[in-house]
Each structure stands twice: as structure tokens, then as C-alpha cells.
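Notes follow once the structure below has been shown.
Keep in mind that this is a model prediction, so the values were computed, not measured.
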Amino acid sequence: MIEARHLRVLRAVSATGSFSAAARELGCTQPAVSQQMKALEASAGTALLIRTGREMRLTQAGEALVRHAAGILAGLTAAEEEVAAIAGLRAGRVRLVSFPSGSSTLVPGALAALRAEHPGTRVSLVEAEPPRSVDLLREGDCDIALAFRYGATGGEWDDLVVRPLLTDRLIGLLPEGHQLAGASSVSIGELADESWIAGCPRCRRQLVEVCEESGFAPRIDFATDDYPAVMGLVGAGLGVAVLPELAVESVRPKGARAVPVEPAIEREIVALTLPDLARVPAVAATLDQLARTAAR
């Protein structure tokens, strides 16, 4: 295998015409130059220099190698500088996937802080709900997935690095004219006869489970992943809903009243990445900023 350090020595010998002059240019000893040239010739499998007294002359193979060495060493230098920039957060890219209420609450503050601290780091964002967002991470289509789950599911994320961010409580949404709209809290059972507006599939499944635990099956007349649409339907008096507190924070409900629900329904908000990606400086910095934003 031809090593870059040997190519640098060959170029110096070619430029100066002798081992001793090359040694002075490189800041090493003449025996060291001679030893590295022998190693390079062994790797190349042919002679690279013709030694005639004090004069050094390149063979045809030596000339070819010197000709290519300039591009190889320039490319290696550029690669080293780019890697150093990424490692020092002067450059880098992070592909982030988030669910909608996270995109509108946690992500903006985290990315603004990251840009202020590391302006050379670029972050792209697309939206997807779990489990699709987690699949994108495992498939290599993103570097960080902002996700959530209701209760710990054994083994669900065992292959990933899990960065807990916050616990998000679900809030009841009632039309302003509803008889319970002014209550300090409402139990799920008190809404058994209502028409329901359900959110994303995972949230919908959790709603059905909680209602069944309270002794009834919710009548879901509307289902939408769009949180403003849920609030609009509730505000129009078409039903009731429960939404994550993050979603309620991100959209001001018109004609709807937010009421705490009992028993409490909570979901865990996390940032996920792969173990190898967690060691990438730009990814680690983004995870840190997401955690700081969630703690505020």
C-alpha cells in the first residue's frame, strides 16, 4: 500500500535532487528519507529512483508516481481540512425528522440556538410520525428522529440511542359552549357519549385504549393528523378531542377550550439516533440543543 507520507518524500526528492536536500526541506534526517524511499519502492514493486553518485534521477515509474502524487496529496489535504471542519463544527450536516407538534415547538428554538453557536452546521427538516420516523432513521434516511411513545415498550428502541426530552400530557379540547368547558378537569368517562375527533394513528390507538379502560368505546366521527383541523372541528362544535399539550401550545384554539383530562394521559418525547451517529459532533450538538430547549 502506498502511503501519503512516502509520496511527500518522493516529491521532495524529485524537487531537490537528493536525499540530503529533501531531508532538510522535510525537517528530518537523510537516513529517514532513504528508509522511506525504500519502503515506497517496495510498495510500488519497482525502482522509482536511479542513483548515480550524488545525483538522483526518477525512473519512468517514479515520474508517473510524482505526476499523480500532486493530485493525491491535494485531495488528501482537502479531505483532512473538511473532516477537521466537521469535527470542529465549522461545517457539517444533520438530517432531522420530527412529528408536527415537535416541529412547531421544540425544533425551532433548538435549531436557532444551534445556528447561533455553530453557523457552519446545516440542518434539514422533514416531518413524519413514529413509527415511520424511526424507520427512516434505521434506513439511513435521517440522522435524528424526534419521536414519542405512550409508555415504555420493551425492546422497541433497544438498537438506538435514546435521548429523553420531556413528558407531554394530553389535554382535553371541548367546544366553548360545552357544559364541561369551564371545569378545572374532566374525566374521560364523562365524555363517553360525545362525538370524538381523533388525531394521528398512534394517538388514536392510545385514545381508544384509555376510553376502553374507562368502560366505553369512543365514537370517532372525524380523524385527522392535522392538529389545527382537530381544533377547528372542536371549535365548530362537532365533537371533543384530546391532544398533546405541545400541539395545543403550537396552535391557538378558536372556539375551543383546553381542559386537563383525568386520568392523566402522557407520552414520552425523545430524540433518537444510531450509536455511530451519536459520536458525530454535529449530531451530538443538535441532540444537546433539543434537550436544552425541552428543559426550558
(Q) Counting only heavy atoms not in R138 (residues, nucleotides, ligands), do more than 12 fall under 6.0 Å from its CZ? (A) yes
Q. Out of curiosity, I50 CD1 to L58 CG, how far, rounded to the nearest 0.5 Å?
A. 8.5 Å
Q) Do you know the tightest heavy-atom contact between L170 and P244? A) CG-N, 4.0 Å
**Q.** Closest contact, heavy atoms only, L49 versus F19
**A.** CD1-CE2, 3.7 Å
**Q.** Closest approach of A256 to M231 (non-hydrogen atoms, all atoms of both residues)
**A.** CB-O, 4.4 Å
Q | Neighbour count above 12 (heavy atom, 6.0 Å) for R115 CZ | A | no
Q.
Does D159 have more than 12 heavy atoms from other residues, nucleotides or ligands lying within 6.0 Å of its CG?
A. yes
**Q.** Within 6.0 angstrom of E82 CD, more than 12 heavy atoms from elsewhere
**A.** no
Q: Decide whether Q289 and E117 meet the rule of one side-chain donor and one side-chain acceptor closer than 3.5 Å.
A: yes
Q) Closest heavy-atom contact between V261 and G172? A) CG2-N, 3.2 Å
**Q.** Residue pairs, two or more places apart or on separate chains, that pass ring pair (Phe, Tyr, Trp, His ring centres under 6.0 Å) and touch residues 264-296
**A.** none
Q.
Given 3.5 Å as the limit, does a donor-acceptor pair link the side chain of T59 with the main chain of A47, or not?
A. yes
(Q) Do the side chains of E156 and R202 get close enough for a salt bridge, i.e. N-O under 4.0 angstrom? (A) yes
Q | D288 with R163: basic N within carboxylate O range, under 4.0 Å | A | yes
(Q) How long is the straight-line distance from CG of L137 back to CG of D143, given to the nearest 0.5 Å? (A) 8.0 Å
Q: For E249, enumerate each residue passing the side chain to side chain donor-acceptor pair (under 3.5 Å) test, keeping only those at least two apart in sequence or located in another chain.
A: none
(Q) Do the side chains of E245 and R169 get close enough for a salt bridge, i.e. N-O under 4.0 angstrom? (A) no
(Q) In the structure I gave you, are the side-chain heavy atoms of D225 and R204 within less than 4.5 Å of one another anywhere? (A) yes
Q. Closest approach of A183 and V259, non-hydrogen atoms and distance?
A. O-CG1, 3.6 Å
Q.
Return the CD1 to CG distance between I72 and L7, rounded to the nearest 0.5 Å.
A. 5.5 Å
Q. So, are E139 and R132 salt-bridged, with charged N and O less than 4.0 Å apart?
A. yes
Q. S20 and Q30: side-chain donor and acceptor closer than 3.5 Å?
A. no
Q: Can you run down the ring pair (Phe, Tyr, Trp, His ring centres under 6.0 Å) pairs that involve residues 97-124, sequence neighbours left out, and say none if there aren't any?
A: F99-F148
**Q.** Residues forming a side-chain contact (heavy atoms from CB on, under 4.5 Å) with P108, sequence neighbours excluded
**A.** none
Q.
Per the ring pair (Phe, Tyr, Trp, His ring centres under 6.0 Å) rule, what does the pair list look like for residues 161-180, sequence neighbours excluded?
A. none
Q: Enumerate the residue pairs fulfilling side-chain hydrogen bond (donor to acceptor under 3.5 Å, both in side chains) with a member in residues 208-217, sequence neighbours excluded, ordered by first and then second residue.
A: none
Q. Minimum heavy-atom separation for T16 to A22, with atom names?
A. OG1-N, 3.3 Å
